[in-house]
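In what follows, a structure is listed as structure tokens, so that the remarks can point back to it.
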Amino acid sequence: MRVEIWSDIACPWCYIGKARFEKGLAEFAHRDEVEVVHRSFELDPGRTKGDTALVIDMLAQKYGRTREEAASMEANVAANAQAEGLGYRTEGRDHGNTFDIHRLLHLAKARGRQDELLTLAYRANFAEERSVFDDSELVRLAVEAGLDGEEARAVLADPEAYADDVRADEREASELGADAVPFFALDRRYGISGGQPSEVFLKALEQAWKDRPATALTAIGEDGAACDADGACEVPQT
């Protein structure tokens with residue numbers, strides 16, 4: 001079985017959803033027969049490279065809230081992350097264009113280190129004092145993930161390197177009807193939207209395995225918390 005996950009480093013529900021999916025997968029009897037592939041989805045593709053803003057300021061502007069209200073929104077998301085054992089900084093994080101990160105993730109995929117780099121990038125963005133919108137930091141993350149630093153630096157220096165791969169992923173998301181992330185496609189027959197509880201992922205894996213083969217993408221469960229194509233991320237009230 002192949003599970004494809006469309007996500008963005010800037011999306012907190014993608015960070016949380018990855019952890020929840022992995023918990024569900026760990027309980028799945030056929031987990032060793034599941035191939036996980038991460039696909040690209042940009043939440044803020046219109047933002048130019050180098051144009052960053054503090055997440056709190058971005059949220060306040062996007063939702064028309066005060067900084068205090070935006071900080072409360074972040075605190076609610078942080079509580080969900082921390083419940084999954086994830087680190088989450090509510091102050092000092094920045095927000096920007098993630099196209100270069102996605103290009104580097106495609107290099108990592110080609111070298112068999114995609115999940116390693118994605119995990120490190122999420123941790124850097126949400127839990128550590130490291131900006132994933134800085135090329136030097138991205139190269140350091142790539143090296144930590146097991147990639148060659150010079151190769152990573154060359155990819156970042158060439159704006160067309162792996163650009164078509166990122167755009168292809170985004171076209172496929174549109175074709176599948178995925179307008180928010182995270183979005184999980186199981187063998188392109190079953191779809192799960194949002195950062196669902198781990199139990200939902202486990203049941204989906206079991207159902208998809210049991211019902212093979214099928215013919216069309218079928219939604220499983222209600223939509224979970226997600227970040228949409230305009231960069232808006234749902235925030236739980238409790």
Side-chain angles (χ1 to χ4, degrees), residues 1-43 76-88 98 101-102 105-106 108-109 112-127 132 145 169-170 172-173 176-212 214 217-229 233-236:
M1 180 189 298
R2 169 181 280 197
V3 178
E4 296 165 278
I5 307 173
W6 276 263
S7 61
D8 191 12
I9 293 297
C11 165
W13 289 110
C14 298
Y15 177 49
I16 295 167
K18 182 177 186 292
R20 290 176 174 175
F21 169 76
E22 288 171 350
K23 287 181 180 179
L25 180 62
E27 297 296 319
F28 182 49
H30 304 281
R31 57 186 174 275
D32 293 338
E33 298 175 74
V34 176
E35 176 192 11
V36 178
V37 178
H38 297 283
R39 302 290 190 190
S40 300
F41 191 105
E42 294 172 88
L43 288 178
N76 284 333
V77 178
N80 278 263
Q82 290 159 1
E84 302 299 329
L86 300 171
Y88 197 102
T98 55
I101 305 170
H102 286 297
L105 283 165
H106 275 281
K109 178 185 175 185
R113 308 298 294 177
Q114 186 185 45
D115 188 72
E116 289 82 356
L117 179 57
L118 182 63
T119 298
L120 288 169
Y122 274 138
R123 187 185 306 156
N125 188 44
F126 290 103
V132 295
D169 280 355
E170 293 174 336
E172 286 185 299
L176 290 172
D179 56 6
V181 287
F183 180 76
F184 303 76
L186 283 63
D187 275 345
R188 295 287 177 104
R189 298 192 303 268
Y190 298 88
I192 307 172
S193 179
Q196 301 278 359
S198 59
E199 295 84 0
V200 173
F201 288 117
L202 175 58
K203 290 179 181 178
L205 289 164
E206 291 172 342
Q207 180 177 333
W209 187 269
K210 178 181 177 181
D211 294 347
R212 295 182 304 165
L217 186 70
T218 303
I220 297 178
E222 299 179 356
D223 287 352
C227 299
D228 66 24
C233 297
E234 298 176 41
V235 179

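Considering CG of L117 and CD1 of I101, their distance stands at 9.0 Å, rounded to 0.5 Å. Once rounded to the nearest 0.5 Å, the distance linking CG of L205 with CD of E33 reads 12.0 Å. Atom-to-atom distance recorded for R212:CZ and L186:CG is 11.0 Å, nearest 0.5 angstrom. One finds the CZ atom of R123 at 7.0 Å from the OG1 atom of T119 (value rounded to the nearest 0.5 Å). Atom-to-atom distance recorded for W6:CH2 and S40:OG is 10.0 Å, nearest 0.5 angstrom. Between atom CH2 of residue W13 and atom CD of residue Q196 there is a gap of 10.5 Å, rounded to the nearest 0.5 Å.
Ionic pairing of R113 and E116 is present here: one or more N-O contacts between side-chain nitrogen and carboxylate oxygen are shorter than 4.0 angstrom. Classification of R39 and E170 as a salt-bridged pair fails, no side-chain N sitting under 4.0 Å from a carboxylate O. Salt-bridge check for R188 with E172: passed, with a basic side-chain N closer than 4.0 Å to an acidic carboxylate O.
In this structure, R20 contributes its side chain and G195 its backbone to a donor-acceptor pair below 3.5 Å. Counting only distance, with no hydrogens or angles, the side chain of D8 and the backbone of E42 share no donor-acceptor pair below 3.5 Å. Looking only at distances, no side-chain donor or acceptor of N125 sits under 3.5 Å from a matching main-chain atom of V132.
Across all their heavy atoms, K23 and A83 have their closest contact at NZ-O, 4.4 Å. Residues L202 and G24 share a closest heavy-atom pair of CD1-O, 3.6 Å. Summarising the geometry of F41 relative to A178, their closest heavy-atom pair is CE1-O, 3.7 Å, with the distance given to 0.1 Å.
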Passes side-chain hydrogen bond (donor to acceptor under 3.5 Å, both in side chains), S7 versus H38? Steps please.
CA-CA 7 Å; S7 61; H38 297 283; 4.9 Å; no
Side chain to side chain contact (heavy atoms under 4.5 Å, CB included), that's the test. Do I9 and Y122 meet it? Break it down for me.
CA-CA 6 Å; I9 293 297; Y122 274 138; 4.0 Å; yes
Should T98 and L43 be marked as a side chain to side chain contact (heavy atoms under 4.5 Å, CB included) after you check the CA-CA gap, both sets of side-chain angles, and the distance that decides it?
CA-CA 8 Å; T98 55; L43 288 178; over 6 Å; no
Side chain to side chain contact (heavy atoms under 4.5 Å, CB included) evaluation trace for I5 with F21:
CA-CA 10 Å; I5 307 173; F21 169 76; 4.1 Å; yes
Please determine whether side chain to side chain contact (heavy atoms under 4.5 Å, CB included) holds for the pair L86 and F126, giving the CA-CA distance in whole Å, both sets of side-chain angles, and the decisive distance to 0.1 Å.
CA-CA 9 Å; L86 300 171; F126 290 103; over 6 Å; no
Please walk me through it: do D115 and K18 pass salt bridge (charged side-chain N to carboxylate O under 4.0 Å, His left out)?
CA-CA 10 Å; D115 188 72; K18 182 177 186 292; 3.2 Å; yes
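Using a 3.5 Å distance cut-off with no hydrogens or angles, the side chains of D169 and H102 do not pair a donor with an acceptor.
Annotation: side chain of C227 is in contact with side chain of P12 (closest heavy-atom distance under 4.5 Å).
Between W209 and H30, the ring planes lie parallel to each other; the angle is under 30°, not in the 30° to 60° tilted range.
Ring centroids of F184 and F201 are separated by less than 6.0 Å, placing the two rings close together.
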